[in-house]
Amino acid sequence: MKRLSAETERALDRLAAVEASVAALGDDDLLDFADIFAAGEPTPLRTMAETEMRRRNLSL
């Protein structure tokens, strides 16, 4: 149980770090990042980029 809890905590920390990294991108870098994930199946990274773009009122 402790091991599972620790693994979950590490996964949540990594997710928070990825989300913070996407939010820290400059506008041009965010648009480049979003463009990479624009085609194909939706992914969590695509969703993060789209969410941040909406927050900044940016579009591709």
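The structure displayed is predicted, hence computed values, not measured ones. The figures that follow rest on heavy atoms only: side chains count, while hydrogens, waters and symmetry mates do not.
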In chain order, what residues pass the side-chain contact (heavy atoms from CB on, under 4.5 Å) check against Ser59, with sequence neighbours excluded?
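Listed in chain order: nothing, the list is empty.
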
Only counting residues at least two apart or in another chain, list the ones meeting side-chain contact (heavy atoms from CB on, under 4.5 Å) with Asp29.
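If we apply the side-chain contact (heavy atoms from CB on, under 4.5 Å) test to Asp29, skipping adjacent residues, the hits are Leu25, Asp32.
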
Taking side chain to side chain donor-acceptor pair (under 3.5 Å) as the cut-off, I'd like each qualifying pair that reaches into residues 10-23, sequence neighbours left out, listed once.
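Residue pairs with at least one partner in residues 10-23: there are none.
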
All pairs passing side chain to side chain donor-acceptor pair (under 3.5 Å) where residues 35-48 contributes a residue, at least two apart
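Of all non-adjacent pairs touching residues 35-48, those that pass side chain to side chain donor-acceptor pair (under 3.5 Å) are Arg46-Glu50.
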
For Asp27, enumerate each residue passing the salt bridge (Lys or Arg N to Asp or Glu O under 4.0 Å) test, keeping only those at least two apart in sequence or located in another chain.
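By the salt bridge (Lys or Arg N to Asp or Glu O under 4.0 Å) rule, Asp27 matches Arg56.
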
Which pair of heavy atoms, one from Glu52 and one from Leu30, lies closest together, and at what distance?
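Heavy-atom minimum between the residues: CG-CD2, 3.5 Å.
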
What is the minimum heavy-atom distance between Phe37 and Phe33, and which atoms define it?
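Taking every non-hydrogen atom into account, CD1-O, 3.3 Å.
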
Examine Leu12 and Val22 and state if one hydrophobic cluster contains both, with Ile, Leu, Val, Met, Phe, Trp and Tyr joined whenever side-chain heavy atoms are less than 4.5 Å apart.
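Cluster IDs for Leu12 and Val22 differ.
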
Sequence neighbours excluded - ring pair (Phe, Tyr, Trp, His ring centres under 6.0 Å) pairs with any residue from residues 39-60:
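Those involving residues 39-60 do not exist here.
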
Distance check, rounded to the nearest 0.5 Å: Leu45 atom CG versus Met48 atom CE?
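So the gap between those two atoms works out to 5.5 Å.
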
